[in-house]
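As the structure is a prediction and not an experimental result, all values here were calculated from the model.
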Amino acid sequence: MTHFRSKRLPGGGRTLAAVLGLVAALTLGTLGEARAAAAAPPGTDRFSDRPHGFASLAGGTTGGAGGEVVTVTDQAALAKYAAAEEPYVIRVAGSIAVEPFGSDITVASDKTIVGVGTSGEIVHGELHLNPGTHNVVIRNLTIRDSYVEGDWDGKTTDFDAIQMDSVHHVWIDHNHFTHMGDGLLDIRKDSRYVTVSYNRFTDHNKAMGIGWTENTRTEITIDHNWFAGTKQRNPSADNCAYAHLYNNYLSAQVADGDPVWTYGNWARGATRMVIENSYYDGVQHPYQADATAELVQRGSVTENTTGRHDTWGDAFEPGDFYTYRLDPAAAVPALVERFSGPQRRIGVH
């Protein structure tokens, strides 16, 4: 497969980032979107309804495509269609407050759950994927506010934004996760063929955990996400067979003086991780690896970072698995600020 890789450009300042981001944004902006999307490799159309990365492999991830399209505005309808045996494309229009506080909405196989423009919200509730669930797309939602005051470490609740155990073929794209009760996104227990792209993780302790298993099976692509105002798990990746992180932006890290559990990306256990063209601004331990893990980093910008910057081992070559194209690292802040999170043009048709 063809593998496009951009070289790191000189100068890591935000001025250069803004200039390059503007150029890239115009390339894929209003005038150039159709032309660029037609010519670009998978994953470079920032609004595509088809996944890229590992979620695109081994049969791909189509969610509820081909099933009935329904629009929901309340918890009962969302829960009914999300748990159904049949495929559905479920459009969430407006804000849905989940009761009781912190409760789960079970998501079954062959489902797309997508916010309508920027209106779709799930408030103090969790989307939960049980073992064996597969072929799920969750896009363009804001999931927020199950935090219990005083429980910063999430020890008394398990109110994640999305939690999945032993699933496969899942695409999490263009969402905003913020201020939840435990983790924002937990990808657990041998989940496979997952892509996490263009999301915002904000105002939280534990952003994104991967693992909770002694096996080494998970294949995951994590790209163009913005971690801002988070403390740890950006992500923590434990026992991942392949973890490919590229063009992510880590900024405004919570600074509470914790010398260990405040960090950016962590390759744990037997994880093989590749980080490319990301941007770390004011991050403690921006990327680190256990002695048993392998971590390759190339092309990233580190600005005002401290602590561990680990690299060792050969990890793997993402281009052996799928085609992708890197944005320049210096352009990442401007690009991710513009294109991550819910977008007005997604879910409206």
Side-chain angles (χ1 to χ4, degrees), residues 4 6 21 24-25 28 33 36-37 40-57 60-63 112-115 120 127 129 135-143 161-162 164 167-177 184-187 191-202 207-208 210 218-228 230 233-235 237 240 242-250 265 273-279 318-319 321-327 329 331-343 345-347:
F4 298 85
S6 300
L28 288 177
E33 278 171 5
T44 57
D45 175 1
R46 304 184 199 280
F47 303 102
S48 175
D49 60 1
R50 294 179 299 169
H52 54 279
F54 279 113
S56 69
L57 303 182
T61 304
T62 57
T112 295
I113 303 179
V114 57
L127 296 180
L129 282 63
N135 194 32
V136 172
V137 175
I138 300 173
R139 301 187 75 201
N140 217 50
L141 293 170
T142 295
I143 306 180
I162 301 175
M164 60 190 81
V167 305
H168 65 92
H169 289 93
V170 176
W171 184 29
I172 308 296
D173 178 69
H174 278 102
N175 302 288
H176 182 195
F177 307 120
L184 294 177
L185 176 59
D186 280 3
I187 300 169
S191 294
R192 305 190 64 189
Y193 297 109
V194 179
T195 296
V196 179
S197 54
Y198 290 95
N199 301 286
R200 293 188 178 190
F201 299 82
T202 66
M208 179 180 176
I210 312 163
T218 298
E219 307 97 337
I220 187 165
T221 302
I222 302 167
D223 70 280
H224 293 91
N225 300 285
W226 188 5
F227 299 85
T230 57
R233 300 186 185 176
N234 299 294
C240 292
Y242 306 109
H244 183 203
L245 286 61
Y246 68 94
N247 287 148
N248 296 297
Y249 180 32
L250 283 69
N265 311 142
M273 178 180 288
V274 175
I275 300 171
E276 298 183 282
N277 286 31
S278 291
Y279 200 108
F321 293 88
Y322 51 78
T323 300
Y324 66 103
R325 187 182 67 192
L326 296 171
D327 288 311
V332 164
L335 288 172
V336 171
E337 287 176 15
R338 173 174 176 180
F339 291 110
S340 68
Q343 303 289 309
R345 61 175 291 177
I346 297 177

Any side-chain heavy atom of [X] sitting closer than 4.5 Å to one from [Y]?
X: Ile187; Y: Val170; answer: no
X: Asn247; Y: Val336; answer: no
X: Ile138; Y: Ile162; answer: yes
X: Pro235; Y: Leu245; answer: yes
X: Phe321; Y: His244; answer: no

Self-check item: Aromatic ring proximity His176/Phe201, centre distance under 6.0 Å
Solution: no

Quiz prompt | Validation row, ring centre Tyr193 to ring centre His169 under 6.0 Å | solution = yes

Quiz item: Parallel, tilted or perpendicular: which describes the rings of Phe54 and Tyr322, with under 30° parallel and over 60° perpendicular?
Solution: perpendicular

Practice problem: Mind telling me whether Phe339 and Phe47 have parallel, tilted or perpendicular rings, with 30° and 60° as the class edges? | Solution: perpendicular

So, using side-chain hydrogen bond (donor to acceptor under 3.5 Å, both in side chains) as the criterion, who are the partners of [X] when residues are at least two apart?
X: Arg200; value: Ser340
X: Asn199; value: Asn175, Asn225
X: Glu219; value: Arg192
X: Thr142; value: none

Self-check item: Between Tyr246 and Thr221, a side-chain donor and acceptor under 3.5 Å
Solution: no

Quiz prompt | Identified side-chain contact (heavy atoms from CB on, under 4.5 Å) counterpart of Phe177 within the set Leu141, Ile172, Thr202 | solution = Ile172

Quiz item: With sequence neighbours excluded, what pairs up with Tyr198 under the ring pair (Phe, Tyr, Trp, His ring centres under 6.0 Å) test?
Solution: His174, His224

Quiz item: How far does CZ of Arg50 sit from OG1 of Thr61, to the nearest 0.5 angstrom?
Solution: 13.0 Å

Self-check item: From Met208 atom CE to Leu184 atom CG, the distance as rounded to the nearest 0.5 Å
Solution: 10.5 Å

Quiz prompt | Contacts of Ser197 that satisfy side chain to side chain contact (heavy atoms under 4.5 Å, CB included) - sequence neighbours left out | solution = His52, Trp171, Asp173, Thr195, Asp223

Quiz item: If only atom types and distance count, is the side chain of Asn140 paired as donor or acceptor with the main-chain N or O of Ile346 below 3.5 Å?
Solution: yes

